[in-house]
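Side chains included, hydrogens not; waters and symmetry mates left out as well; all remaining heavy atoms used. In what follows, every chain begins at residue 1, and chains take the letters A, B, ... in the order their sequences are listed. Everything quoted here is computed from the prediction, not taken from an experiment.
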Amino acid sequence: MDARYEPKVVEAKWQARWREAAAFRVAGGQPGKKFYCLEMFPYPSGRIHMGHVRNYAIGDVIARLRRRQGFHVLHPMGWDAFGMPAENAAIERHIHPAKWTRTNIAYMRAQLDQLGLSIPWEREVATCDPAYYRWEQLLFTQMVERGIAYKRYGEVNWCDTCATVLANEQVEEGACWRCGKPVRLKPLDQWFLKITAYADELLAGLDTLDGWPERVRTMQRNWIGRSEGARIRFPVADSAAVIEVFTTRPDTLFGVTFLSIAPEHPLVEEITSAAQRPAVAAFRERLARQRAEARPGDEVEVEKEGVFTGAYALPPGGREQVPIFVANFVLMGYGTGAVMAVPAHDQRDFDFARKYHLPIRPVILPPDPDHPGALLPLDPATMTAAYEEEGVMAASGEFDNLSSAAGRQAVVRWLAERGDGRAEVTYRLRDWGISRQRYWGTPIPVVYCATCGMQTVPAAELPVVLPEDVALTGAGGSPLAACEGFVHTLCPKCGGPARRETDTFDTFIESSWYFLRYASPDPRREATGDALRFTPEELARGPFDRAAVDYWMAVDQYIGGIEHAVLHLLYARFFTKVLRDLGHLGVDEPFARLLTQGMVCKETWRCADHGWLLPEEVTEGRCVRCGVSAERGRVTKMSKSKKNVVDPDALIDRYGADTARLFSLFAAPPERDLEWNEEGVEGCYRFLGRVWRLVAQVVTLPAATADTDGGEAGRALTRRLHQTIRKVTRDCGEEFHLNTAIAAIMELANAAQSYLAGPAGTGAVARPAVEGIVHLLNPFAPHLTEELWAALGHPAPLYATPWPGFDEELAKEETIELVCQVNGKVRSRLSVAANAGQAALEAAALADPMVQKWLAGKRPRKVIVVPGRLVNVVV
RNA sequence: GCCGGGGUGGCGAAAUCGGUAGACGCAAGGGACUUAAAAUCCCUCGGCCGUCCGGCCAUGCGGGUUCGACCCCCGCCCCCGGCACCA
């Protein structure tokens, strides 16, 4: 073998071998254990970035390990290929989105191959293929039939920059998740998916997802925002109008002293008195103006304000009427857009009541902490804050003395009997708006006929293929609307002239089911033109081969960024449940375990005059252009704008993929942020070189001769080998402590190196140890280890060789270091036999001179013995 | 404000059914090899005191429980992320 480690040569060689051997091809349905390992598929932006490297390195280690542990492993890859950047490239550089996307995919696929990922490429998916989205269109028509997809006119989130609608999940702090520009509301006729129909199941399912990080589950719970309460009717005095409110605290009903309604509430016009009309109109106009001018990130903590409508509401139970206010803090988009105000028990209502001198009426009394069973009085005149906790009802007529919990039920029952209200559950979650006024996406398969109205495109006429010859100007509006040949069509029902829907799907739809397509590839995924029309057999079978999907699903390990905690991960869960209910698959949840990997970060440099600086623009802490000292910025996520990115191509060119993989797994645990630093990469490269030389040395040693155990040093190395196999196998098991697994392999390599440098080093012991290193390192550095495995004389490739086992007996320590404490402080350490009994440990510790010294003749009061660990003598 | 995660050497990090704090790596210092450099190899490396043996301090801060606390409990501070007038 070569004396020097040349990653370029080695990596090219093994990548070619794997390709020729179709090494990672996998069939479904075989007996035995299956493992579906999936990383979130990339958007084909042009080049991979370090975040991809880390994501796919983590997944590849898991896939390679599981494969060698005897699982049938599915570890596929594809492309989230529809989206805006392709369209923007078309507008700016006059490249067709399809061509731009295809070129990017080809380049990025080569990059992923260079990383040595163990991917069965024959299952590759590109969501912009009509063969992919034709099924999506068919599924959509099935959803329309079931009422899961529907069209509705209403206010939707609109991003001017992206010239399209956004779903609620895609608005972050009032700004577009993609471009960061402010989002405004715009009334439009749009398609929605009824995700709210699955709100309870999506919520309950979170409790079953033990393999998910708690924070992702919490984020989804918060997003769904389920709250139980009651809907209560408040008739308006001297009017036919009825204001309905939602409250989670029906037990405070008798403390209502006014109502607050949202400025946009549809009943505002109707109930406002003539005298108050100008004031209400002025208030609403001022608010509308303020909201239009508000920038994202503006302080939302505005003061509570309101205006009296001149109208009064009649609370249930014939109590005196209460005034109705229009208030700035009431949201039209939540509950009913109106709230019953209980200032004694809600801080917002309290603030409002104090400001406008409205009465405060305590109806829930707090328990007295000093006298169990007793209650504390609340005095409206002296209260400084609302009492929002639970307590005991008072001043509530027949409900007095009930606890809050019992009172809630009793009041709701009472309301329901009288027809004044009922129990209700509301959600923060809204239905998913899926229409997008963009070109590069899946056409929504619907036509509009003047005679027959809206029609979904029948299966026999699918797919509706995205036309290629469309002028992309960026002028706004759906580009497809300007494509006459596309728009004009015939009604599938009456055959008369009709117009096609010109919006396309939100691209989050494609990523909501791609993992199912991997599990059951479309046999005609290469087809084009008329060959794409559904055959009767295909329609009978449905989108998937049920056996294949049932075999592989659910994904055993999903890996990706935390940024999709609510977006993609919620949509995919929803889609899975819908497809299950449509009869296409049998699982309830798509992803059994989820690993959210941390970001790849790097230090930044900044010059007062020249802004962000590249590393090479800084020498000795100074900006190379102006010579003025540059400021070391924070360590932040790699981004082009901050000039702190590392290009994977350059990295691989210099160190090789194995080093790139190793460092991105070694520098931090997978779920935590990783700080990139060049010296650390060097360290990993040096380590791989050391392993190379270790093998080079071992292959020159005479083959194992006698059955020697190598004496003391040899047994120690063998012990370390078995301990390391045990540790690496465990660390890479369920929790994926890949960084400590690598550290353990490094320790074994250090031990092997020391052993070989020592006087007694023999091949008989060193060789198995070094082979062990090659074995254990294989998932992390697949190319290097294949080369070394071959050099060690093994003809069969390592990727197909079973993962090594370990011998508990050989892993056992002969002696341990016994820590001797006096009064809890370490005073001595002794080497004792590992199997020594408690009495022997105690005797050894007490006999130790240092222990004797610290005892200073005093009699031990107590001796604590922890077998295998320590003895603590207490005086 | 609420929820989640975190705070350990010069740096990235280890170690949590409570039992040797700092594995592994980086940086730094010293040495070997070399005409020299690179590469490689060896040694030192939390702070303070001490001649070695050793001692004291140290896991964000302050208390507590315990023979013993990075770990458990109580009260705080700071950082990161998510949500945020959700009735």
Side-chain angles (χ1 to χ4, degrees), chain A residues 4 172-173 213-223 225-227 229 245-249 252 260 262 300-304 327-331 333-342 345-349 351-352 426-428 562-563 565-566 596 598-599 603 634-635 662-663 666-669 671-684 686-687 689-690 693 737 739-750 753-754 757 816-829 849-850 853 860-875:
Chain A
R4 243 183 93 80
E172 297 170 345
E173 292 181 15
E214 192 50 48
R215 65 169 169 158
V216 175
R217 296 200 278 174
T218 304
M219 283 163 75
Q220 292 208 355
R221 268 187 210 111
N222 291 344
W223 186 262
R226 182 182 202 274
S227 59
V245 304
F246 173 75
T247 180
T248 55
R249 294 295 299 272
T252 66
S260 305
V300 248
E301 198 58 45
V302 289
E303 198 182 337
K304 287 167 187 45
N328 65 344
F329 64 90
V330 181
L331 307 172
Y334 183 78
T336 60
V339 295
M340 62 178 214
V342 186
H345 304 295
D346 182 287
Q347 190 59 39
R348 292 159 301 182
D349 299 339
D351 295 343
F352 197 86
T426 60
Y427 301 90
R428 210 179 83 104
I562 187 75
E563 65 273 17
V566 175
T596 50
M599 297 183 296
E603 65 173 10
R634 322 173 64 150
V635 175
L662 194 68
F663 178 74
F666 176 63
E671 63 280 2
R672 237 187 291 174
D673 285 355
L674 179 153
E675 186 182 335
W676 196 268
N677 90 322
E678 188 75 14
E679 289 78 25
V681 178
E682 288 276 358
C684 286
R686 278 200 295 266
F687 169 67
R690 210 152 63 230
R693 289 190 297 278
H737 297 149
N739 54 330
T740 52
I742 294 168
I745 301 170
M746 287 174 168
E747 283 187 77
L748 179 59
N750 291 346
Q753 200 174 336
S754 304
I816 54 140
E817 193 178 52
L818 181 71
V819 172
C820 303
Q821 294 181 332
V822 178
N823 286 335
K825 285 191 179 272
V826 179
R827 296 304 181 190
S828 179
R829 294 155 210 266
M850 284 308 294
K853 180 187 151 194
R861 201 155 50 80
K862 192 170 168 188
V863 179
I864 289 126
V865 180
V866 182
R869 292 215 178 251
L870 63 70
V871 174
N872 187 13
V873 184
V874 186
V875 295

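- Judged as a side-chain hydrogen bond (donor to acceptor under 3.5 Å, both in side chains), the pairs with a partner in residues 739-748 of chain A (not counting sequence neighbours) are, in order, A/Asp731-A/Thr740.
- For A/Arg672, the salt bridge (charged side-chain N to carboxylate O under 4.0 Å, His left out) test picks out no residue, with sequence neighbours left out.
- Judged as a side chain to side chain donor-acceptor pair (under 3.5 Å), and not counting sequence neighbours, the contacts of A/Trp223 are A/Glu169.
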Q) So what does the secondary structure string of RNA chain B come out as, 5' to 3', with Watson-Crick or wobble pairs under 3.5 angstrom, [ ] for crossing and | for pairs with another strand? A) (((((((..(((......[....))).(((((.......))))).((((....))))..(((((..]....))))))))))))....
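- Annotation: side chain to side chain donor-acceptor pair (under 3.5 Å) contacts of A/Gln220 (sequence neighbours excluded): A/Arg573.
- Residues meeting the side chain to side chain donor-acceptor pair (under 3.5 Å) test with A/Thr336, sequence neighbours left out: none.
- Comparing A/Lys825 and A/Gly683 by the nucleotide of RNA chain B whose heavy atom lies nearest to each, the residue mapping closer to the 5' end is A/Gly683.
- Among residues two or more places apart in sequence or in another chain, the salt bridge (charged side-chain N to carboxylate O under 4.0 Å, His left out) test is passed with A/Arg4 by A/Glu6.
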For nucleotides 17-19 of chain B, list the nitrogen or oxygen atoms of the protein found under 3.5 Å from its nitrogen or oxygen atoms, one pair per line.
{"unit_1": "B/rG19", "atom_1": "N2", "unit_2": "A/Gln821", "atom_2": "OE1", "d": "3.4"}

Q. When every nucleotide of nucleotides 40-55 of chain B is labelled 5' to 3' by its protein contacts under 4.0 Å (heavy atoms), B for base, S for sugar-phosphate only, - for none, what sequence of letters results?
A. SS------------SS
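- For A/Arg348, the salt bridge (charged side-chain N to carboxylate O under 4.0 Å, His left out) partners are A/Asp346, not counting sequence neighbours.
- A/Asn677 meets the side chain to side chain donor-acceptor pair (under 3.5 Å) test with A/Glu679; sequence neighbours excluded.
- By the salt bridge (charged side-chain N to carboxylate O under 4.0 Å, His left out) test, A/Glu817 pairs with no residue at all, sequence neighbours left out.
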